[in-house]
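Report on the following structure.
What you see below is based on every heavy atom in this structure, not just the backbone, and it leaves out hydrogens, waters and symmetry mates. Just so it is clear, the structure is predicted and the values come from calculations on it, not from any experiment. Letters A, B, ... are given to chains in the order of the sequence lines, protein chains preceding strands, and every chain is numbered from 1.
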Number of protein chains: 2
Amino acid sequence: MTTISPSPRPLTRKGQETRQRIVDAAAGLIFRQGVAHTTIEDVRAAADVSSSQLYHYFDDKPALVRAVVDHQADTMIGGQETFDFSTLEGLRAWRDFLVAAQREHDCNGGCPIGSLGGQLAETDPEGRAHVAEGFKRWEATIQSGLREMQARGELTPDTDPDTLALALLAALQGGLLLTQVKRDTKPLEAALDAMIELVARLSGGSW
Amino acid sequence: MTTISPSPRPLTRKGQETRQRIVDAAAGLIFRQGVAHTTIEDVRAAADVSSSQLYHYFDDKPALVRAVVDHQADTMIGGQETFDFSTLEGLRAWRDFLVAAQREHDCNGGCPIGSLGGQLAETDPEGRAHVAEGFKRWEATIQSGLREMQARGELTPDTDPDTLALALLAALQGGLLLTQVKRDTKPLEAALDAMIELVARLSGGSW
DNA sequence: CACAGAATGGATAGGGCAATCCATTCCGTT
DNA sequence: AACGGAATGGATTGCCCTATCCATTCTGTG
């Protein structure tokens, strides 16, 4: 579900499949090697297409990268629909899931969206906008959980669920970055545990 | 104070000045445009040196980038020596300082070290190691503050100050990343306020 | 002052990579 | 079956950028 889609180019089924294959290949390569070190030739080979196909479906490399950003946002957000952000148990299950996922990658790659943010923010304004949009959608899912929590009276009335959701997402991003750099899941664990602990304590105090 | 310095090349005063000029120029450019979009030619022009000088002082571009990482770590950590991490007022003053600093840059650039981490982690193992080292030093200053706080009895005995310091740093990094991507200081404020609120509440509860 | 090594200048090679171009083939529609 | 547009193939262009090379000028030391 791409939020920013300007040109409704006519695409046959086969075309959509090819396009998707390109995006998938690009997403994998970019996740593993970063934007700058992923060449069009790399993507071309990995997706098993010709270079003209790449430029048939995408105007240029930045356009492909934007498609990857949207794709990663879709994947990431979709993969978390199973978690319940409106209970402490749900939040803790989410935390365990995220930590396990990092361990599986040996702490490589960081956040599929966040790491793109750091790479694009100062060099690709449009790409940055797409990342911001992805974060916004992600934030929304956390927000709705916390709002529900508050509606049930399990969160202090003077707590702003939206601000708390933003803080939670920030802690997650920072935890992932530190984990990626240190190749150790401790930072991610510490960051999420701390924020969840705060949520727990906000079920009674004031903030 | 570079922690990793293998080759003690003989340098005259003039040489050191030139080298420093190169690192300063590179640091500024990289902060503003990222590693990949900063060319040796850019640095050469900004530092007003010849290309042979660049390769006289640095083996290659990655080596220059490592020097920049160390330089940014020194700068960042040095610039925070004035803050007292052992009191809530100190932490809040630090928070205000960081937020103000981001506002001054119009939320551009993100964290001088953290943003480098995201760019180097998967493509430059040595660079990543330098970033990790920088974080380690940064962490240490926060740790000592929180330990002192605990020693004064202002922090619950069953709180681990080192883990809390790590969480604080993670929240900061995530806040900076989101702030950079959204071009809005709210994420940084939310992240730091949340963590400081937790610290405040850990002056009485259990964790 | 003479010598060695450091510092500087500038030109250039050489590789990598984004993007273009011209065909050719496939596919749906009438 | 014929037509138009989509999809594909692969060669090629042209630029950007890292790194090297050789020559020349400083600077400190004995």
Side-chain angles (χ1 to χ4, degrees), chain A residues 5 7-27 29-30 32-69 119-120 122-127, chain B residues 5 7-30 32-68 119-120 122-127:
Chain A
S5 58
S7 59
R9 213 186 291 243
L11 284 188
T12 64
R13 149 170 293 131
K14 199 179 180 187
Q16 294 208 1
E17 286 172 359
T18 302
R19 194 197 127 101
Q20 193 56 47
R21 191 148 34 92
I22 294 171
V23 173
D24 286 344
L29 286 167
I30 287 176
R32 278 179 266 118
Q33 346 180 320
V35 174
H37 283 68
T38 298
T39 71
I40 292 289
E41 166 61 20
D42 289 341
V43 177
R44 191 205 62 69
D48 194 36
V49 297
S50 68
S51 92
S52 58
Q53 282 175 284
L54 269 160
Y55 287 96
H56 178 68
Y57 294 104
F58 305 95
D59 285 345
D60 49 22
K61 190 180 175 183
L64 172 58
V65 171
R66 288 194 290 277
V68 168
V69 171
Q119 292 175 62
L120 303 178
E122 309 306 327
T123 53
D124 180 353
E126 298 190 47
Chain B
S5 60
S7 59
R9 214 186 291 243
L11 285 187
T12 65
R13 148 171 292 132
K14 198 180 180 188
Q16 295 208 359
E17 286 172 359
T18 302
R19 195 196 126 101
Q20 193 55 47
R21 191 147 36 91
I22 294 171
V23 173
D24 287 344
L29 287 167
I30 288 177
R32 276 179 269 118
Q33 343 178 319
V35 174
H37 283 68
T38 298
T39 71
I40 292 289
E41 166 61 20
D42 289 341
V43 177
R44 191 204 62 68
D48 194 37
V49 297
S50 68
S51 92
S52 58
Q53 281 174 285
L54 269 161
Y55 287 95
H56 178 68
Y57 294 105
F58 304 95
D59 285 347
D60 49 22
K61 190 180 174 182
L64 172 58
V65 171
R66 288 194 290 276
V68 167
Q119 293 175 61
L120 303 178
E122 309 306 327
T123 53
D124 179 354
E126 296 190 48

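One axis for each end of the helix from dC1(C)-dG30(D) to dT30(C)-dA1(D), each built from five base pairs, and the angle between them comes to 20° at 10° resolution.
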What are the atom names and distances for every N/O pair under 3.5 Å that joins the protein to nucleotides 13-20 of chain D?
{"unit_1": "dT18(D)", "atom_1": "OP1", "unit_2": "K61(B)", "atom_2": "NZ", "d": "3.1"}
{"unit_1": "dT18(D)", "atom_1": "OP2", "unit_2": "I40(B)", "atom_2": "N", "d": "2.8"}
{"unit_1": "dA19(D)", "atom_1": "OP2", "unit_2": "Y55(B)", "atom_2": "OH", "d": "3.2"}
{"unit_1": "dA19(D)", "atom_1": "OP2", "unit_2": "K61(B)", "atom_2": "N", "d": "3.0"}
{"unit_1": "dT20(D)", "atom_1": "O4", "unit_2": "S51(B)", "atom_2": "OG", "d": "3.0"}

Using a cutoff of under 3.5 Å, can you pull out all pairs of nitrogen or oxygen atoms linking the protein to nucleotides 24-27 of chain D, with atom names and distances?
{"unit_1": "dT27(D)", "atom_1": "OP1", "unit_2": "K14(B)", "atom_2": "NZ", "d": "3.3"}

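I22(A) CD1 to Y57(A) OH: the interatomic distance, rounded to the nearest 0.5 Å, is 7.0 Å.
No more than 12 heavy atoms of other residues, nucleotides or ligands shown are found within 6.0 angstrom of CG on D48(A).
Applying the 4.0 Å criterion to OP1 and OP2 of dA7(D), one finds that Q53(A) has every side-chain N and O outside that range.
Rounded to whole Å, atom C1' of dA7(C) lies 14 Å from atom CG of D48(B). Distance CG (L54(B)) to P (dC21(D)): 17 Å, rounded to an integer number of Å. When rounded to the nearest whole Å, the span between CZ of R44(A) and C1' of dA11(D) equals 12 Å.
Using a 4.0 Å cut-off between charged side-chain N and carboxylate O, R44(B) and E41(B) make a salt bridge.
Not one N or O on the side chain of K61(B) forms a donor-acceptor pair closer than 3.5 Å with the backbone of T39(B). No donor-acceptor pair closer than 3.5 Å links the side chain of E122(A) to the backbone N or O of Q33(B).
Exactly one residue among L54(A), T38(A), D59(A) makes a side chain to side chain contact (heavy atoms under 4.5 Å, CB included) with L64(A). That residue is L54(A).
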